[in-house]
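Here the structure comes first, spelled out in structure tokens, and everything after it is commentary.
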Amino acid sequence: IDNGSDHTVLITAHHDHLGSGNNSQTLPQYKNQIHNGADNNASGIAALLELAREITSKPKKYSNYNYMFVAFTGSELDQLGSRFFVQSKLFGTIETNYVLNLDMVGHLDSTHKELFLNGIATSTTMKSILSSLKISKRKIINVNMNGHDIGRSDMESFRKFGMPAVLISTGKQKYSNTPDDDSSIINYGGEAYIIRYLSKMIRTLDKNPILRITDKAQQVLNSESDMP
């Protein structure tokens, strides 16, 4: 979505999973079994498509930055798709404001109702901006900005480029990477709440100046680039 801005917001998700269970990431007891990947990561792709619909249908509310939606393959193969993207000519032509990576957002716990945001600390201002967002405690009780370890994610492909990158997730579940990760375990109402929250989050960030990476995050990047 080209709004004529100098900066672009990237909204991403991976659309691959473990398939027929022959992937190196497949747990041994589930080899050669179909893995549909409803939460990991059909839920993320559904959220990406709905956010694309929301932003294109309400252009006046999302007018200060350009918006690009990218679905990666190869996430289960060491982030192959996102690593290819950040090395592409297309990525090289845009100035990225921030990245939102949607990975496993379909299992909002009906009791704790906790949404995890990994990577907020990479920005100097994002936490303070998002802390002002009002949310319905009936729908999402807690937005945990300290994150949750779900393993490797496509967000990591963007870290070395010195831009805020945030992983959005409801966390790893007992169904994750098993054949039981099917449509029956998805909390559809919970995902709808998450999408509404993300829409509000993106609208709020659209009204703010571009996000800057923190000095601490930049020091980590510099130390990594100095490694042989």
Side-chain angles (χ1 to χ4, degrees), residues 1-16 41-75 79 81-106 115-120 122-130 132-133 135 140 143 145 153-170 191-213:
I1 302 172
D2 187 354
N3 289 321
S5 173
D6 292 333
H7 293 84
T8 298
V9 174
L10 289 176
I11 300 174
T12 70
H14 73 88
H15 63 79
D16 66 306
N41 188 38
S43 66
I45 290 294
L48 180 147
L49 293 173
E50 182 57 22
L51 288 171
R53 185 206 62 77
E54 159 76 11
I55 293 172
T56 54
S57 66
K58 300 174 182 176
K60 291 183 179 180
K61 293 185 176 181
Y62 307 90
S63 60
N64 290 320
Y65 297 108
N66 307 322
Y67 291 88
M68 181 181 291
F69 304 87
V70 188
F72 304 119
T73 189
S75 182
Q79 293 76 53
S82 56
R83 287 192 292 114
F84 175 85
F85 176 73
V86 298
Q87 295 169 14
S88 69
K89 290 182 179 180
L90 175 61
F91 182 70
T93 63
I94 62 175
E95 290 288 338
T96 303
N97 182 6
Y98 64 90
V99 181
L100 294 184
N101 180 225
L102 310 168
D103 200 341
M104 297 193 289
V105 293
L115 179 65
F116 298 98
L117 276 59
N118 288 36
I120 290 292
T122 58
S123 166
T124 56
T125 56
M126 185 180 283
K127 187 171 185 178
S128 61
I129 293 170
L130 298 186
S132 67
L133 284 184
I135 58 175
I140 300 176
V143 176
M145 297 188 190
S153 176
D154 289 300
M155 178 186 74
E156 297 176 25
S157 297
F158 296 92
R159 287 181 63 245
K160 65 180 180 180
F161 291 94
M163 61 188 64
V166 178
L167 170 68
I168 313 294
S169 180
T170 50
E191 178 155 3
Y193 296 152
I194 290 169
I195 293 169
R196 290 175 197 166
Y197 171 79
L198 293 176
S199 299
K200 190 173 184 179
M201 170 181 172
I202 296 167
R203 286 199 304 272
T204 301
L205 292 173
D206 190 84
K207 295 178 176 64
N208 280 271
I210 62 170
L211 300 177
R212 301 293 186 184
I213 194 169

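Fair warning: this is a prediction, and the values are worked out from it, not measured in the lab.
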In this structure, are over 12 heavy atoms from other groups packed under 6.0 Å from Lys127 atom NZ?
no
So which heavy atom on Ile129 is nearest to which on Ser132, and how close?
O-OG, 2.6 Å
Only counting residues at least two apart or in another chain, list the ones meeting side-chain contact (heavy atoms from CB on, under 4.5 Å) with Ser5.
His7, Tyr65, Asn66
Aromatic ring pairing Phe91/Phe158, orientation class (parallel under 30°, perpendicular over 60°, tilted between):
perpendicular
On a heavy-atom basis, the closest approach of Phe85 and Phe72 is CB-CE2, 3.7 Å
Rounded at 0.5 Å granularity, tell me how far OG1 in Thr204 sits from CE in Met126.
11.5 Å
Between Asp103 and Asn41, what is the shortest heavy-atom contact and its length?
CA-OD1, 3.4 Å
Using the rule side chain to side chain contact (heavy atoms under 4.5 Å, CB included), only one of Leu211, Ile210, Leu130 pairs with Thr125; which is it?
Leu211
At what distance, to the nearest 0.5 angstrom, does CE of Met145 lie from CG of Leu115?
9.5 Å
Identified side chain to side chain contact (heavy atoms under 4.5 Å, CB included) counterpart of Val99 within the set Leu10, Thr122, Ile11, Val70:
Leu10
Any side-chain heavy-atom pair from Leu198 and Val105 closer than 4.5 angstrom?
no
When you check the side-chain N and O atoms of Asp154 and Thr12, is any donor under 3.5 Å from an acceptor?
no
Go through it in stages, so that I can follow the logic: the residues are Leu133 and Tyr197, the test is side-chain contact (heavy atoms from CB on, under 4.5 Å), and I'd like the CA-CA distance, side-chain angles, deciding distance and then a yes or no.
CA-CA 9 Å; Leu133 284 184; Tyr197 171 79; 4.0 Å; yes
Nearest 0.5 angstrom please: Arg53 CZ to Lys58 NZ, how far?
6.5 Å
pair Leu102-Leu51: side-chain heavy atoms closer than 4.5 Å
yes
Could you list the residues that satisfy side-chain hydrogen bond (donor to acceptor under 3.5 Å, both in side chains) with Lys61, not counting sequence neighbours?
none
For atom CZ of Arg203, decide whether the heavy atoms of other residues, nucleotides or ligands shown that lie under 6.0 angstrom number more than 12.
yes
Walk me through it: do Leu205 and Asn97 pass the test side-chain contact (heavy atoms from CB on, under 4.5 Å)?
CA-CA 10 Å; Leu205 292 173; Asn97 182 6; 6.0 Å; no
Between Glu54 and Ser199, what is the shortest heavy-atom contact and its length?
CG-OG, 3.7 Å
With rounding to the nearest 0.5 angstrom, report the CZ to CD1 distance, Arg196 to Ile140.
9.5 Å
If you look at every heavy atom in Ile45 and Ala71, which pair is closest and at what distance?
CD1-CB, 3.7 Å
Beyond-backbone contact of Phe84 with Thr73, side-chain heavy atoms, under 4.5 angstrom:
no
Rounded to the nearest 0.5 Å, how far does OG1 of Thr8 lie from CD1 of Ile94?
5.0 Å
Begin from the C-alpha positions of Leu48 and His15 and carry the test side-chain contact (heavy atoms from CB on, under 4.5 Å) through to its verdict.
CA-CA 11 Å; Leu48 180 147; His15 63 79; over 6 Å; no
The residue among Asn101, Ile120, Leu117 that forms side chain to side chain contact (heavy atoms under 4.5 Å, CB included) with Leu167 is Asn101
Quick one, Tyr67 and Ile202 - any side-chain contact, counting heavy atoms below 4.5 Å?
yes
Any heavy-atom pair between the side chains of Tyr62 and Val9 that's under 4.5 Å?
no
To the nearest 0.5 angstrom, please state how far the OG1 atom of Thr96 sits from the CE atom of Met163.
4.0 Å
Taking all non-hydrogen atoms of both residues into account, name the closest pair between Ser157 and Arg83 and its distance.
OG-CG, 3.4 Å
